[in-house]
Amino acid sequence: MMNTKIRSGSFTDEEIVKFIFYTKKRWGVRLPKDLTLILDKDADGAVHITYDPPINRSVYRSTDYLVNNMEKLNTAKQSEQTEKQMHLVD
């Protein structure tokens with residue numbers, strides 16, 4: 001099971017399982033083994049999810065690998081990422 005850490009607020013076991021399921025559904029099955037799900041609940045009841053180590057979303061979207069930095073990718077994927085042309089959206 002994924003490591004979880006509650007920074008603020010209180011969560012039931014069912015809520016924690018729901019957030020773990022959400023994370024697995026959103027990021028797929030290639031989650032890092034050392035990933036920690038950090039849950040924060042503010043005074044309004046809104047839940048904020050962060051990850052440790054942080055997930056670099058731009059690397060994930062362009063390479064389809066869930067990594068937190070480029071050094072974990074092989075040289076072919078690193079060169080693919082650096083040669084990729086970025087297009088600005090107006």
Side-chain angles (χ1 to χ4, degrees):
M1 182 170 247
M2 184 182 306
N3 296 324
T4 57
K5 182 177 179 182
I6 298 174
R7 215 179 262 162
S8 61
S10 62
F11 296 88
T12 64
D13 290 340
E14 292 82 22
E15 289 177 317
I16 293 171
V17 169
K18 183 177 80 171
F19 291 120
I20 291 171
F21 179 74
Y22 167 79
T23 300
K24 288 181 179 180
K25 184 177 177 185
R26 178 166 183 187
W27 297 108
V29 294
R30 292 179 227 160
L31 293 170
K33 292 180 181 178
D34 61 343
L35 185 68
T36 301
L37 179 70
I38 302 169
L39 301 172
D40 290 313
K41 190 182 283 187
D42 61 15
D44 298 331
V47 176
H48 304 281
I49 302 172
T50 53
Y51 304 100
D52 184 35
I55 296 171
N56 188 336
R57 288 171 170 81
S58 64
V59 173
Y60 174 73
R61 286 187 184 133
S62 63
T63 62
D64 199 32
Y65 288 99
L66 188 60
V67 295
N68 56 352
N69 59 29
M70 290 290 294
E71 288 76 35
K72 292 185 178 181
L73 297 174
N74 63 26
T75 54
K77 282 292 183 185
Q78 286 179 4
S79 65
E80 178 184 328
Q81 176 69 18
T82 56
E83 293 170 2
K84 191 175 199 109
Q85 290 185 344
M86 301 303 280
H87 301 283
L88 297 176
V89 177
D90 295 327

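Side-chain atoms are counted along with the backbone in the values below, which use heavy atoms only and exclude waters and symmetry mates.
- V47 is connected to Y51 through a chain of hydrophobic side-chain contacts under 4.5 Å among Ile, Leu, Val, Met, Phe, Trp and Tyr, so both are in one cluster.
- At least one side-chain heavy atom of L37 sits under 4.5 Å from a side-chain heavy atom of F19.
- Applying the side-chain contact (heavy atoms from CB on, under 4.5 Å) test to D13 and every residue at least two apart in sequence or in another chain returns nothing.
- Between K5 atom NZ and I38 atom CD1 the span is 5.5 Å, to the nearest 0.5 Å.
- At a threshold of 4.5 Å between non-hydrogen side-chain atoms, the residues L39 and I49 count as touching.
- For I6, the side-chain contact (heavy atoms from CB on, under 4.5 Å) partners are F11, I16, not counting sequence neighbours.
- Applying the side chain to side chain donor-acceptor pair (under 3.5 Å) test to pairs two or more places apart or on separate chains, those with a residue in residues 35-44 are D42-H48.
- The distance from atom CD1 of I20 to atom CD of E15, rounded to the nearest 0.5 Å, is 12.0 Å.
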